[in-house]
Peer 1: 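Quick one: structure below, then a few questions.
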Number of protein chains: 2
Amino acid sequence: MEPADRPDQGSAHSVPAGGEHGPRWLTDDERDAWMPLIGVLIKLPAALDAQLQRDSGLSHFEYMVLSRLSEAPERTLRMSDLAVLANGSLSRLSHVVTRLERRGWVRREACAEDGRYTNAVLSGEGWAKVTATAPGHVAAVRQFVVDALSPEQIGQLREIAQTIMSRVVPGDDWLAGLPHPARR
Amino acid sequence: MEPADRPDQGSAHSVPAGGEHGPRWLTDDERDAWMPLIGVLIKLPAALDAQLQRDSGLSHFEYMVLSRLSEAPERTLRMSDLAVLANGSLSRLSHVVTRLERRGWVRREACAEDGRYTNAVLSGEGWAKVTATAPGHVAAVRQFVVDALSPEQIGQLREIAQTIMSRVVPGDDWLAGLPHPARR
DNA sequence: AAAAATGACTTGACGCTTCAACTATTTACC
DNA sequence: GGTAAATAGTTGAAGCGTCAAGTCATTTTT
């Protein structure tokens with residue numbers, strides 16, 4: 001976290017003086033939560049990616065795209081909506097959809113009403129790919145997270161994660177996961 | 001998570017039959033925790049990277065490297081130890097140290113006793129860089145996470161994160177954050 | 001005392017993400 | 001109605017991370 005004032009010290013950390021306006025370092029308790037959280041932020045996505053890559057040849061983001069489409073009405077979403085739902089930028093999505101299109105799992109369709117919009121549509125093969133991939137991915141999510149925690153912890157995790165998201169993404173666009181009225 | 005059986009449904013999800021050995025989908029409660037966690041996994045690192053990049057021109061990984069070195073005895077660590085401490089691969093670290101070396105914040109030193117080992121050493125400028133960067137980064141960590149949670153939640157987060165890490169990294173190498181005897 | 005195996009890195013190529021610039025379409029304004 | 005502004009999306013270049021291969025030093029084997 002912070003550079004050590006005394007490089008050869010153990011794990012004790014300086015406590016801020018009351019009146020000082022300088023940086024407030026983390027307390028030991030805070031550090032004990034923050035350090036493993038950093039680990040989760042780095043290693044959990046890598047583990048999920050590894051499972052998907054190994055078993056299905058998909059990145060987590062690609063899986064998210066296919067999965068979101070599979071849950072959408074008519075298996076169709078606007079590129080910009082899909083980007084938000086998949087937690088990615090429009091540019092990233094555009095590149096990924098190009099690759100998914102090449103693999104035959106998604107196709108683009110121009111919107112008739114408004115030529116600016118492009119719809120991404122999940123193909124039959126794409127649907128088959130998602131349904132084949134989902135069970136293994138859910139199993140990984142259970143193995144790494146869900147089955148490791150008690151029901152109380154699941155509730156705590158929901159609160160904590162929602163709170164963090166409300167700070168990280170001020171505009172509450174992170175409600176992305178929830179169903180929303182289809183716009184077409 | 002899983003493809004919808006009925007594409008036009010809302011948020012209700014199928015519950016597995018007792019005897020079936022097929023995939024166990026997430027329950028609503030589990031999904032309510034998992035969805036925002038995905039958001040955190042994607043958006044929190046991006047937010048931390050953005051703060052560091054904007055205010056200091058460092059990636060989070062680069063900051064971790066400098067920070068770990070600043071806390072180490074003699075501001076020196078073996079490449080392989082540093083890689084574990086910074087939650088990265090040795091290859092990634094090697095590339096990053098090359099860049100940090102070019103910027104004058106780190107230098108490599110061959111180990112005299114065993115020529116296979118390379119030590120990374122934080123320079124004076126590197127120390128200055130970390131101490132200048134740390135306050136802003138800690139402030140971001142407080143803003144996004146620590147100050148947003150109650151003390152109870154900090155404790156819950158520690159338990160949850162440690163539990164997940166124990167599942168993700170079976171070998172308990174993720175204790176990386178803790179001080180450990182220097183080997184030289 | 002070679003030869004082989006292990007360990008600690010380094011390097012280069014490839015793929016993916018980001019960023020900025022660009023195209024195309026629709027809406028707003030005068 | 002024509003120009004400007006806004007919206008939606010695409011594209012190419014640059015940078016970073018990963019993977020596989022390679023280097024060099026030490027240890028083990030025979």
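Residue numbers start from 1 in every chain, and the chains themselves are labelled A, B, ... in the order their sequence lines are given, proteins ahead of strands.
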Peer 1: Select one nucleotide: of C:dT17, C:dC9, D:dT26, the one nearest the side-chain heavy atoms of A:Val96.
Peer 2: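 Of C:dT17, C:dC9, D:dT26, C:dT17 is nearest to the side chain of A:Val96.
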Peer 1: What is the distance from CG of A:Asn119 to P of D:dA8, rounded to the nearest Å?
Peer 2: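 Value for this atom pair: 13 Å.
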Peer 1: Measure CZ/B:Arg116 against C1'/C:dA8 and give the value in whole Å, please.
Peer 2: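 Going from CZ in B:Arg116 over to C1' in C:dA8 covers 7 Å.
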Peer 1: Could you tell me the separation between the CZ atom of B:Arg78 and the C1' atom of C:dG7, rounded to a whole number of Å?
Peer 2: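 Distance, rounded to whole Å: 11 Å.
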Peer 1: Restricting to side-chain contact (heavy atoms from CB on, under 4.5 Å), what partner residues turn up for B:Arg54, sequence neighbours left out?
Peer 2: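 In terms of side-chain contact (heavy atoms from CB on, under 4.5 Å), with neighbours along the sequence ignored, B:Arg54 is linked to B:Gln51.
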Peer 1: Is it true that B:Glu62 and B:Arg103 make a salt bridge, defined as a side-chain N closer than 4.0 Å to a carboxylate O?
Peer 2: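 Salt bridge present between B:Glu62 and B:Arg103.
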Peer 1: Without decimals, in angstroms, what is the distance between A:Glu109 CD and D:dG9 P?
Peer 2: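 Distance, rounded to whole Å: 14 Å.
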Peer 1: With hydrogens left out and only the distance checked, is there a donor-acceptor pair under 3.5 Å joining B:Ser91's side chain and the base of D:dC19?
Peer 2: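 Checked by distance alone, the answer is yes.
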Peer 1: Taking side chain to side chain donor-acceptor pair (under 3.5 Å) as the test, write out the residues that go with B:Glu101, two or more places apart.
Peer 2: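 Partners of B:Glu101 by the side chain to side chain donor-acceptor pair (under 3.5 Å) criterion, ordered by chain and then number, come out as B:Arg108.
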Peer 1: Could you tell me how far apart A:Arg54 (CZ) and D:dT18 (P) are, to the nearest whole angstrom?
Peer 2: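 Rounded to whole Å, this separation is 17 Å.
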Peer 1: Please report the distance, rounded to the nearest Å, between CZ in B:Arg99 and P in D:dC16.
Peer 2: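 Going from CZ in B:Arg99 over to P in D:dC16 covers 5 Å.
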Peer 1: Counting side-chain heavy atoms from C-beta on, which of D:dA6, D:dT10, D:dT27 comes nearest to A:Met79?
Peer 2: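 Selected nucleotide (nearest to the side chain): D:dT10.
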Peer 1: So A:Ser89, base contact, sugar-phosphate only, or nothing? Heavy-atom distance under 4.0 Å.
Peer 2: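 Sugar-phosphate contact only - A:Ser89 comes under 4.0 Å of backbone atoms but never of a base.
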Peer 1: Tell me which nucleotide among C:dC19, C:dC9, C:dT26 gets nearest to the side chain of A:Asp114.
Peer 2: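 Between C:dC19, C:dC9, C:dT26, the one nearest the side chain of A:Asp114 would be C:dT26.
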Peer 1: Of the listed nucleotides (D:dG9, C:dC9, C:dT18), which one gets closest to any side-chain atom of B:Leu90?
Peer 2: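 Side chain of B:Leu90 sits closest to C:dC9.
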Peer 1: Salt bridge or not for B:Arg24 and A:Asp147, using N-O below 4.0 Å?
Peer 2: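 A salt bridge is present here (some side-chain N lies under 4.0 Å from a carboxylate O).
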Peer 1: Tell me if the side-chain of B:Ser94 makes a donor-acceptor pair with the base of C:dT11, cut-off 3.5 Å, by modelled atom types.
Peer 2: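 Under the 3.5 Å cut-off, the side chain and the base do not form any donor-acceptor pair.
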Peer 1: Is any side-chain heavy atom of B:Leu52 closer than 4.5 Å to a side-chain heavy atom of B:His137?
Peer 2: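 Side-chain contact under 4.5 Å: yes.
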Peer 1: Given the structure, check if the side chain of A:His95 and the base of C:dG15 hold any donor-acceptor pair shorter than 3.5 Å.
Peer 2: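 By the distance-only test, no, there is no pair.
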Peer 1: In whole Å, what is the span from the CZ atom of A:Arg92 to the C1' atom of D:dA8?
Peer 2: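 It is 19 Å, rounded to the nearest whole Å.
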Peer 1: Rounding to an integer number of Å, can you tell me how far B:Glu113 CD sits from D:dT27 C1'?
Peer 2: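 Computing the B:Glu113:CD to D:dT27:C1' distance gives 17 Å.
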